[in-house]
Number of protein chains: 2
Amino acid sequence: MTDAKPTTTTASAGGVESVDRALSIVGCFQAGDHALSLTEIAARTGLYKSTILRLTVSLEKAGYLVRHQDKSYRLGPELMRLGGLYQRSLRLEDHVRPVLRQLMRETGESASFFRREGAWRICAFREDSTQAIRDHVHEGDRLPLDRGAAGHVLTRFAGQGSAADFAALPLLSFGERESETGAAAVPVFSQRDGLIGALTLSGPLTRFTGERVAVMAPLLLAAGSRLSETLGGHYPDQPSPCA
Amino acid sequence: MTDAKPTTTTASAGGVESVDRALSIVGCFQAGDHALSLTEIAARTGLYKSTILRLTVSLEKAGYLVRHQDKSYRLGPELMRLGGLYQRSLRLEDHVRPVLRQLMRETGESASFFRREGAWRICAFREDSTQAIRDHVHEGDRLPLDRGAAGHVLTRFAGQGSAADFAALPLLSFGERESETGAAAVPVFSQRDGLIGALTLSGPLTRFTGERVAVMAPLLLAAGSRLSETLGGHYPDQPSPCA
DNA sequence: AAACACGGTTCTATCTAACAGAACTTTTGC
DNA sequence: GCAAAAGTTCTGTTAGATAGAACCGTGTTT
């Protein structure tokens with residue numbers, strides 16, 4: 001074994017060890033990586049090169065990795081195709097995307113929709129602000145659930161939320177995850193699934209002053225309420241049209 | 001073995017069989033699938049349920065699948081994160097996206113950037129037309145290389161292209177891949193890699209008349225040339241600024 | 001020109017991980 | 001309530017996967 005240890009283990013968790021290893025190869029790619037050498041992958045995963053060579057043949061066949069002539073490995077296009085399948089399997093884009101676009105137009109800040117997945121929140125949809133200074137989150141990014149306005153919404157409204165919870169909306173954060181980023185978020189409900197996500201505005205702290213938040217808040221609340229209604233859910237004091 | 005046979009085989013191709021199997025589980029999800037049952041996955045992959053149950057534990061741990069309380073499986077968020085990593089690893093978005101947006105604004109049709117990956121072409125970036133009637137391709141989609149204007153560009157200009165090839169631009173297609181879709185495409189070059197992709201306009205045949213194509217052609221050619229220059233490549237008769 | 005370092009590739013003895021598929025349990029539909 | 005279908009558990013067998021040494025090719029240094 002080379003000096004780094006694989007982070008995955010099947011000892012107590014079930015699963016198939018060689019699948020774990022293969023996916024750890026894919027998972028060792030990071031933002032900013034253009035390509036990785038065999039040696040670099042070995043260093044990052046702790047797997048023997050001979051093991052990697054065999055595992056990567058399967059990954060290449062499936063389109064998860066591409067090997068180039070200089071022997072380097074790059075992530076492959078099948079990941080993007082599957083990522084799009086995942087995003088569309090949520091069946092939310094037609095509802096969420098227009099609302100994000102409008103919020104971005106109205107407020108000038110980046111508008112995102114986060115979903116909870118286990119102990120994380122996933123940026124499922126995003127419309128970046130057109131301003132040069134903005135926070136950088138990408139669709140697909142996985143962020144911690146215990147930090148940021150969206151994380152607080154996804155935690156606090158998991159059980160539908162009380163009147164006091166709603167009265168506190170939008171939930172705000174100042175530099176919790178990224179020291180210079182502010183955010184405001186509200187919940188989104190559907191009829192079938194209850195809380196399905198958090199609608200969020202985010203940007204640099206300098207643009208999240210009290211005055212600016214006072215302007216954004218009613219727009220965000222209205223958008224969250226309207227989107228919930230579109231999906232068959234509703235905020236309190238606004239009965240569902242189906243009720 | 002259940003009645004369907006797995007499509008992947010390692011008999012002559014190398015690789016690790018259980019990794020092939022695991023990835024065939026992920027790969028059996030199709031557009032329109034919201035969730036799949038264990039039985040449905042077994043039918044699509046030809047794997048025993050007991051085998052699937054073990055393989056999916058690894059896939060769930062890695063975030064590629066999510067198992068819900070009703071026992072169904074859905075694609076997981078890690079795919080979207082990795083898909084985004086792949087897209088950004090191309091290091092093209094900052095150059096390509098603005099050009100696609102402008103082309104879409106100027107022409108009203110969907111603008112895409114396709115890359116070749118083996119025997120396929122991948123839609124790496126896309127700006128959908130805002131018109132209600134438009135063709136439906138998504139970023140990440142994999143399309144055949146031997147059909148469509150973009151496919152012809154990626155084939156014909158692989159070796160830089162001759163003067164006659166450039167004179168024929170933009171390459172056109174009418175209902176080759178989708179019977180009601182028209183497309184026009186030009187190549188994009190970079191200094192380091194030569195042909196890196198095809199810039200494409202596409203839409204319903206009814207909007208790809210001779211007159212309409214005559215309007216689009218110079219806009220598309222200018223965009224392809226400009227984008228190539230931005231990336232250090234160039235079209236003939238337009239020497240590289242670095243030369 | 002020779003030696004060395006590094007990255008990538010091949011090979012194989014060993015062992016255990018993975019599978020097939022039966023049996024069992026739970027859920028669903030009639 | 002019962003049958004069918006879906007999901008889950010179990011285990012004997014063996015073939016597949018690994019560890020890691022040996023080898024090869026390329027680039028650098030002396």
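Labels below follow one simple rule: chain letters A, B, ... track the order of the sequence lines, proteins then strands, and each chain is numbered from 1.
Look at CZ on B:Arg54: it is 7 Å from P on C:dC19, rounded to the nearest Å. For B:Leu55 and C:dA17, the CG to C1' distance is 12 Å, given to the nearest whole Å. If you measure from atom CD1 of B:Ile52 to atom C1' of C:dG21, you get 13 Å, rounded to the nearest angstrom. The nearest whole Å value for the distance from the CZ atom in B:Arg21 to the C1' atom in C:dC19 is 7 Å. Across the protein-nucleic acid pair, A:Glu17 atom CD and D:dA17 atom C1' stand 10 Å apart, rounded to whole Å.
Using a 4.0 Å cut-off between charged side-chain N and carboxylate O, A:Asp33 and A:Arg44 make a salt bridge. Ion pairing between a basic and an acidic side chain is recognised when a charged N comes within 4.0 Å of a carboxylate O; A:Glu78 and A:Arg81 show such pairing.
The aromatic rings of B:Tyr235 and B:Phe189 sit perpendicular to each other, their planes meeting at more than 60°, with 30° as the lower class boundary. Using a 30° and 60° split on the angle between ring planes, A:Phe157 and A:Phe166 fall in the perpendicular class, above 60°.
Residues B:His152 and B:Glu176 bring a donor and an acceptor atom of their side chains to less than 3.5 Å of each other.
Heavy atoms of other residues, nucleotides or ligands lying less than 6.0 angstrom from CG of B:Asp70 number more than 12.
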Hey, what are the protein-to-nucleotides 6-10 of chain C N/O distances that come in under 3.5 Å?
residue	atom	partner	partner atom	Å
C:dG8	OP2	A:Leu38	N	3.4
C:dG8	OP2	A:Thr39	N	2.8
C:dG8	OP2	A:Thr39	OG1	2.6
C:dG8	N7	A:Lys49	NZ	3.4
C:dT9	OP1	A:Arg67	NH1	3.4
C:dT9	OP1	A:Lys71	NZ	3.3
C:dT9	OP2	A:Arg67	NH1	3.0
C:dT9	OP2	A:Arg67	NH2	2.9

